[in-house]
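Contents: one structure, followed by commentary.
Small disclaimer: the values here were computed from a predicted structure and weren't measured.
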Amino acid sequence: MRRVLVSLCAVVAAVTAGCADGGDGDDGRARQDPRPRPPALTWQQELRVADAQQRLTKQCMNRQGFTYWEDRGLTLRESRPVRYVQDDVAWARTHGYGGRIEAKSLRVHERNPNGTYRQSLSPSRRAAFDAALDGGDGARMLTASLPGGGQTRKRVGGCTEEAERALYGDPAEWYRTGKIATGLNALYGDELMKDRHLTAAVRAWSRCMKRAGRPHEDPQAARDAVRANTARLGAARADEAFAAERRTAVADATCARETSLRAVATARETYYLDRLRDRFGKDIDTYRHLGRRAYDRAVRIVPERG
């Protein structure tokens, strides 16, 4: 159970981004925060920002005399993130847990034409390509402190920095506040894992799955079982494995809906996040403001994926 609930921190991403208000405290009363909060980006909006960044990077690299390809190998529907709580029954019926989409994405990245193109360049042109893309060896380093302790670093420069600056305004502030906003789970993970509301909801989900003929302790256990079955059947029985994946995923999503698992997980994570707003609220709001600014600019740069 401990391993599984840790993943909630990464899975209920909409909460981490702060789109939900309130949340019930342990006394069951709704907590009201009168301060207006910037809206969080949806995953569709985040994808469009990422696509816009690629478009800007490509245009910049072209101006530097290099060819650069955008990565748009997946459709919008295929790009939908599969989170710990997956309650989209229709999507599960078609894609299961996204096993085939994941394999497709891996093939796309393995065949990344940018890597092939870079390797075809002479050593001097390759160094120039790297410098144009991200500043090369001489690029400056951004540093961000993590809420749970320690620091993380990122090299920034060249066309990558130009694209980020065009979207977010200040790449350093975006990086710093992003590491805070997405790293807060390190401060409440232990409490969330023991939260009585959440553990009760997961047990209800498990009972539902057992009635459906799939006795799994939690959603992660169901997915682990699917992966093990897919590996056992191998390529020769891939269609059989994918059919089994879809059946389990549909049962998972159906039980998540019947037990309101997503609503419970969202409310509980919101509750713990709200307690951190006095310390990190300004950084979280800045992160959301920069993200919203980037999206507003992205819609003028690229269309939404089909």
Between atom CZ of Arg268 and atom CZ of Arg196, what is the distance when rounded to the nearest 0.5 Å? 7.5 Å

Are the side chains of Lys58 and Asn62 in touch, meaning some heavy atoms are under 4.5 Å apart? yes

Which atoms form the tightest heavy-atom contact between Ala298 and Ala52, and what is the distance? CB-CB, 3.6 Å

Side-chain (Thr230) to main-chain (Val226) donor-acceptor, under 3.5 angstrom: yes

Starting from the C-alpha separation in whole Å, work towards a yes-or-no answer on side chain to side chain contact (heavy atoms under 4.5 Å, CB included) for Arg140 and Val156. CA-CA 6 Å; Arg140 68 189 178 108; Val156 65; 3.8 Å; yes

Who passes ring-ring contact (aromatic ring centres under 6.0 Å, His included) against Trp69, sequence neighbours left out? Tyr117

Locate the shortest heavy-atom distance separating Ala256 from Val85; write the atom from each residue and the value. CB-CG1, 4.3 Å

Determine, step by step, whether Val89 and Arg93 satisfy the side chain to side chain contact (heavy atoms under 4.5 Å, CB included) criterion, reporting the C-alpha distance in whole Å, the side-chain angles of both residues, the deciding distance to 0.1 Å, and the verdict. CA-CA 6 Å; Val89 178; Arg93 188 172 291 117; 3.3 Å; yes

Pairs involving residues 142-168, ordered by first then second residue, that meet ring-ring contact (aromatic ring centres under 6.0 Å, His included) (sequence neighbours left out): Tyr168-Trp174

Does Arg277 use its side chain to pair, donor to acceptor, with the backbone of Leu273 at less than 3.5 Å? no

Side chains of Glu245 and Arg100, heavy atoms from C-beta outward: is any pair under 4.5 Å? no

Does Glu173 form a salt bridge (charged side-chain N to carboxylate O under 4.0 Å, His left out) with Arg176? I'd like the steps, not just the answer. CA-CA 5 Å; Glu173 188 70 351; Arg176 184 189 69 79; 3.0 Å; yes

Determine, for Tyr188 and Arg275, whether the Lys NZ or Arg CZ falls below 6.0 Å from the six-membered ring centre while staying within 45 degrees of the axis. no

For His95, what residues pass the ring-ring contact (aromatic ring centres under 6.0 Å, His included) criterion, not counting sequence neighbours? Trp91

Would you give the length of the straight line joining atom CD of Gln59 to atom CZ of Arg55, rounded to the nearest 0.5 angstrom? 6.5 Å

Between CD on residue Gln151 and CG on residue Leu146, distance to nearest 0.5 Å: 8.0 Å

Look at the side-chain heavy atoms of Ile, Leu, Val, Met, Phe, Trp and Tyr, link any pair under 4.5 Å apart, and say whether Leu41 and Leu47 land in one connected group. no

Under a single-linkage definition using a 4.5 Å side-chain heavy-atom cutoff for Ile, Leu, Val, Met, Phe, Trp and Tyr, are Leu187 and Leu192 assigned to the same hydrophobic cluster? yes

I need the minimum non-hydrogen distance between Asn229 and Ala241, along with the two atoms involved. ND2-CA, 4.4 Å

Give a yes or no answer on whether the side chain of Glu102 reaches the backbone of Gly99 with a donor-acceptor pair at less than 3.5 Å. no

Would you find a donor on one side and an acceptor on the other, under 3.5 Å apart, between the side chain of Asp195 and the backbone of Thr199? no

Is there a side-chain contact between Tyr68 and Thr57 (heavy atoms, below 4.5 Å)? yes

Do the side chain of Gln54 and the main chain of Asp71 share a donor and acceptor less than 3.5 angstrom apart? yes

For Ala201 and Val264, which heavy atoms make the closest approach, and how far apart are they? CB-CG1, 3.8 Å

What residues, two or more places apart in sequence or in another chain, satisfy ring-ring contact (aromatic ring centres under 6.0 Å, His included) together with Tyr295? none

Answer yes or no: is there an ion pair linking Glu162 with Arg165, defined by an N-O contact shorter than 4.0 Å? no

Partner of Trp205 by side chain to side chain donor-acceptor pair (under 3.5 Å), out of Asp218, Asp252, Thr259: Asp252

Stepwise side chain to side chain contact (heavy atoms under 4.5 Å, CB included) test for Arg155 and Asp137: CA-CA 9 Å; Arg155 185 169 67 181; Asp137 294 337; 3.8 Å; yes

Determine whether Tyr271 and Phe280 fall in the same hydrophobic cluster, where Ile, Leu, Val, Met, Phe, Trp and Tyr are linked whenever their side-chain heavy atoms lie under 4.5 Å apart. yes

Can you tell me how far CG of Leu76 sits from CD of Glu78, rounded to the nearest 0.5 angstrom? 10.0 Å

Any side-chain heavy atom of Ile301 sitting closer than 4.5 Å to one from Arg48? no

Is Arg37 close to Ile284 at the side-chain level, that is, under 4.5 Å between some pair of heavy atoms? no

On a heavy-atom basis, which atom in Met209 and which in Thr248 lie closest, and how many Å separate them? CE-O, 4.2 Å

Pro219 side chain near Gln86 side chain, heavy-atom distance below 4.5 Å: no

Calculate, to the nearest 0.5 Å, the distance between atoms CG and NE2 belonging to Asn114 and His109 respectively. 11.5 Å

Can you name the one residue among Arg297, Arg293, Lys154 that meets salt bridge (Lys or Arg N to Asp or Glu O under 4.0 Å) with Glu164? Lys154

4.5 Å side-chain heavy-atom contact, Val82 and Arg223: yes

Contacts of Arg237 that satisfy side-chain hydrogen bond (donor to acceptor under 3.5 Å, both in side chains) - sequence neighbours left out: Glu240

Taking all heavy atoms of Ala251 and all of Ala212, pick out the closest pair and write down the distance. CB-CB, 4.4 Å

Test Thr152 against Tyr175 for side-chain hydrogen bond (donor to acceptor under 3.5 Å, both in side chains), laying out the working first. CA-CA 10 Å; Thr152 182; Tyr175 180 66; 3.2 Å; yes

Taking NZ in Lys104 as the centre, count heavy atoms belonging to other residues, nucleotides or ligands within less than 6.0 Å. Is the count above 12? yes

Nearest 0.5 Å, what's the OG1-CZ distance between Thr75 and Arg80? 12.5 Å

Which residues satisfy the side-chain hydrogen bond (donor to acceptor under 3.5 Å, both in side chains) test with Arg72, sequence neighbours excluded? Asp51

Cluster question for you: counting only ILVMFWY and a side-chain heavy-atom cut-off of under 4.5 Å, with indirect links fine, are Val302 and Val299 together? yes

Quick check against the 3.5 Å criterion: does Thr286 have a side-chain atom that pairs as donor or acceptor with the backbone of Lys282? yes

Would you indicate whether Glu304, at its atom CD, is surrounded by more than 12 heavy atoms from other residues, nucleotides or ligands within a distance under 6.0 Å? yes

Is a side-chain donor or acceptor of Arg262 paired with a backbone partner of Arg257 at a separation under 3.5 angstrom? no

Quick one: does Tyr272's side chain get under 4.5 Å of Leu184's, heavy atoms only? no

